[in-house]
Amino acid sequence: MTGDEPLHALARGDGDGLLHHLLVDQAIKVAIVLVALLVLALGMRLIWKKAGRAGPPRRDDR
């Protein structure tokens with residue numbers, strides 16, 4: 001085992017399966033990062049509102 005298995009797979013003609021696996025892996029990673037950023041943004045928005053910095057006070061809040 002020399003670590004060249006992916007290159008041997010490409011040489012045998014099994015590159016489509018390897019390419020598909022790598023693309024799916026990358027898509028999953030991108031989706032995880034996007035979901036994490038969305039959760040972070042929603043959490044920051046909630047904290048900002050709870051801290052009372054959501055904008056100028058309205059008339060009915062006095």
Within this structure, what is the [atom1]-[atom2] distance for the pair [X] and [Y], rounded to the nearest 0.5 Å?
X: R45; Y: L40; atom1: CZ; atom2: CG; answer: 14.0 Å
X: H20; Y: L23; atom1: NE2; atom2: CG; answer: 7.5 Å
X: L46; Y: L42; atom1: CG; atom2: CG; answer: 9.0 Å

Test side-chain contact (heavy atoms from CB on, under 4.5 Å) applied to V24 and I28, step by step: CA-CA 6 Å; V24 169; I28 291 171; 3.9 Å; yes

L18 and L22, any side-chain heavy atoms less than 4.5 Å apart: yes

